[in-house]
Number of protein chains: 2
Amino acid sequence: MARLANCIAMMDEGIDRVSRIIPQMPSGEARLCRLMLMLGDHIEEELEFKLKPHKLNHSEFLTLMILYSRPDGSSTPGELCEYTSQGATNMTRIANALVKRGLITRGVSEEDRRRVLIRIAPAGRRFVQKMLPPMFPRVATMFAGFSDADKRHLDRLLRKLAGNLGQLGESRLP
Amino acid sequence: MARLANCIAMMDEGIDRVSRIIPQMPSGEARLCRLMLMLGDHIEEELEFKLKPHKLNHSEFLTLMILYSRPDGSSTPGELCEYTSQGATNMTRIANALVKRGLITRGVSEEDRRRVLIRIAPAGRRFVQKMLPPMFPRVATMFAGFSDADKRHLDRLLRKLAGNLGQLGESRLP
DNA sequence: GACTCATATTTCACCAGTGAAGTAAAAACT
DNA sequence: AGTTTTTACTTCACTGGTGAAATATGAGTC
């Protein structure tokens with residue numbers, strides 16, 4: 001019996017009961033919101049399970065993947081912070097960890113000596129090429145039974161949600 | 001200019017480039033996976049923003065909401081762990097924090113003296129009723145522009161994904 | 001050209017969450 | 001009845017992540 005299914009059933013009942021007490025609650029939206037949160041956590045768990053044997057955590061993996069995906073294999077801490085949604089503090093730690101393992105190199109920029117240049121090392125590329133393929137089956141299985149139309153729809157709806165979240169996020173910071 | 005939109009654009013390009021190097025990657029699925037993770041994080045941030053003024057974090061809020069949504073307003077640490085996907089260790093801390101604020105009470109069960117009974121306090125109920133409604137607009141705005149059909153489809157697709165994740169999760173633990 | 005001001009990163013001190021070991025009560029076995 | 005096993009929770013030591021201040025360079029101004 002699936003723990004996750006159980007959790008969801010419980011959430012559904014909970015929201016029903018709360019919305020009976022507080023009827024102005026947007027219960028459909030709240031439900032979707034909770035679903036997104038639960039599934040996000042669960043997917044992260046699923047991936048971390050495949051990362052643990054390599055002693056990488058999610059943010060280190062993501063940082064390494066961004067570098068790997070770059071045409072020139074390099075970036076700066078600031079940029080990596082933006083794309084990983086990590087704080088600068090944590091990026092320092094991540095870079096330290098990856099440098100220590102020889103997966104990336106770190107040096108100062110010549111044009112702007114405040115900047116630090118981070119570059120994926122050959123060992124880093126080899127590492128990614130070795131550890132990535134075993135993750136594919138798990139990722140594929142998550143969407144088992146999804147038709148192409150299902151995947152397109154989900155993609156569309158998630159990007160629409162992203163648009164709204166982008167606006168919300170801007171409205172509270174600048 | 002939306003940071004989130006920027007992140008997504010960057011992710012799209014990154015996945016394209018990686019899948020050119022490693023063509024057996026399920027790139028559509030990987031994209032959906034990354035989208036789910038990004039949006040999950042972003043929604044969590046959005047909610048925490050509304051929780052911070054009350055000095056609650058997400059897991060404390062969720063714990064309190066579960067208790068609030070229960071017909072009898074009570075549960076046990078073990079059950080709360082299951083439904084919040086928190087470890088027992090952290091639930092001890094959460095309960096300590098909520099007890100200290102007078103939002104819940106904690107006592108030993110009479111039938112089974114190993115168990116601890118956690119119950120929402122009247123102050124806890126009042127607290128929820130006061131702090132919940134201001135969150136509604138943000139939740140509703142996330143799904144602005146979603147037709148009823150959109151919401152139904154998203155709900156269906158997320159639950160389908162949940163089903164797959166549930167199976168994956170079981171396959172690796174028991 | 002000295003003097004703010006802004007930008008990029010690091011250091012420090014702290015909060016949140018986890019795994020492993022500890023404690024205590026109940027259930028199962030013999 | 002007495003021992004072992006299991007269950008429920010807590011404590012402790014640690015990792016991951018954050019906000020505020022420190023450092024160091026570059027940019028703009030008078």
Side-chain angles (χ1 to χ4, degrees), chain A residues 37 40-42 44-45 47-49 51-64 74-101 104-119 172-174, chain B residues 37 40-42 44-45 47-49 51-64 74-101 104-119 172-174:
Chain A
L37 288 171
D41 282 1
H42 223 86
E44 193 153 337
E45 239 172 79
L47 295 185
E48 296 236 318
F49 174 70
L51 295 177
K52 196 165 289 181
H54 303 285
K55 305 216 195 278
L56 271 193
N57 66 29
H58 186 83
S59 55
E60 290 160 358
F61 170 67
L62 186 52
T63 302
L64 192 59
S74 78
S75 184
T76 66
E79 200 183 18
L80 290 167
C81 283
E82 204 180 330
Y83 290 134
T84 57
S85 355
Q86 296 291 318
T89 306
N90 200 31
M91 192 48 69
T92 297
R93 188 193 56 73
I94 292 169
N96 287 340
L98 296 178
V99 166
K100 193 151 72 182
R101 294 182 59 173
I104 65 172
T105 60
R106 181 157 47 172
V108 283
S109 160
E110 286 310 314
E111 314 94 58
D112 183 342
R113 291 159 49 70
R114 286 169 304 182
R115 279 169 184 257
V116 170
L117 255 172
I118 290 178
R119 186 178 299 279
R172 75 169 200 261
L173 276 173
Chain B
L37 289 171
D41 282 0
H42 223 86
E44 193 153 337
E45 241 172 77
L47 295 185
E48 296 235 320
F49 175 69
L51 295 177
K52 196 165 288 181
H54 302 286
K55 307 218 194 276
L56 272 192
N57 65 30
H58 185 82
S59 57
E60 290 160 359
F61 170 67
L62 186 52
T63 302
L64 192 60
S74 78
S75 185
T76 65
E79 199 183 18
L80 290 168
C81 283
E82 204 181 330
Y83 290 133
T84 57
S85 355
Q86 296 292 319
T89 306
N90 200 31
M91 192 48 69
T92 298
R93 189 194 56 74
I94 291 170
N96 286 341
L98 295 177
V99 166
K100 194 152 68 181
R101 293 183 58 173
I104 66 172
T105 61
R106 181 157 46 173
V108 283
S109 160
E110 285 309 314
E111 313 94 60
D112 182 342
R113 293 161 46 70
R114 287 168 304 181
R115 279 169 184 258
V116 169
L117 255 171
I118 289 177
R119 187 178 298 279
R172 76 169 200 263
L173 276 173

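Convention: sequence-line order gives letters A, B, ...; per-chain numbering from 1.
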Euclidean distance, atom [atom1] of residue [X] to atom [atom2] of [N] [Å, nearest integer]:
X	N	atom1	atom2	result
A:Leu80	C:dT10	CG	P	11 Å
B:Asn57	D:dG17	CG	P	16 Å
A:Leu62	D:dG17	CG	P	11 Å
A:Arg115	D:dT25	CZ	C1'	12 Å
B:Gln86	D:dT10	CD	P	15 Å
B:Glu48	C:dC15	CD	P	15 Å
A:Glu79	C:dT7	CD	P	17 Å
A:Lys55	D:dG16	NZ	P	11 Å

Less than 4.5 Å apart, side chain to side chain, heavy atoms only: is that true for [X] and [Y]?
X	Y	result
A:Glu44	B:Asp41	yes
A:Ser75	A:Leu80	yes
A:Thr92	A:Pro77	no
A:Leu62	A:Gln86	no

Problem - Distance-only side-chain donor-acceptor flag, B:Asn90 / B:Arg93, under 3.5 Å - result: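 Judged by distance alone, the side chains do pair up.
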
Handout entry: Over 12 foreign heavy atoms within 6.0 Å of CZ, A:Arg106
Key =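 It does: A:Arg106 CZ has more than 12 such atoms within range.
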
Exercise for the section: Search all heavy atoms of B:Cys81 against all heavy atoms of B:Ala88 and return the closest pair with its distance. Expected result: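 Closest pair (atom of B:Cys81, atom of B:Ala88, distance): SG-CA, 3.4 Å.
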
Practice task
Check each residue of residues 88-100 of chain A for a non-hydrogen atom within less than 4.0 Å of any atom in DNA chain D, then write out the ones that pass by number, or none.
Solution key: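 Under 4.0 Å from DNA chain D: A:Thr89, A:Asn90, A:Arg93.
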
Handout entry: Distance, nearest 0.5 Å, that separates NE2 of B:His58 from CG of B:Leu51
Key =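 The NE2 atom of B:His58 sits 8.0 Å away from the CG atom of B:Leu51.
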
Exercise for the section: Give, for atom CG of A:Leu117 and atom CD of A:Glu111, the distance between the pair rounded to the nearest 0.5 Å. Expected result: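 With rounding to 0.5 Å, CG (A:Leu117) is 7.0 Å from CD (A:Glu111).
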
Exercise for the section: Please step through side chain to side chain contact (heavy atoms under 4.5 Å, CB included) for the pair B:Leu56 and B:Leu98, ending with a clear verdict. Expected result: CA-CA 9 Å; B:Leu56 272 192; B:Leu98 295 177; 4.1 Å; yes

Check: protein-nucleotides 21-28 of chain C nitrogen or oxygen pairs below 3.5 Å:
unit_1, atom_1, unit_2, atom_2, d
C:dA26, OP1, B:Arg113, N, 3.1

Practice task
Find the bend of the helix from C:dG1-D:dC30 to C:dT30-D:dA1 as the angle between its two terminal axes (five pairs each), to the nearest 10°.
Solution key: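 Taking five pairs per end, the axes differ by 10°.
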
Exercise for the section: For A:Leu47 and B:Leu37, run side chain to side chain contact (heavy atoms under 4.5 Å, CB included): C-alpha distance rounded to whole Å, both residues' side-chain angles, the deciding distance at 0.1 Å, then the answer. Expected result: CA-CA 11 Å; A:Leu47 295 185; B:Leu37 289 171; 3.8 Å; yes

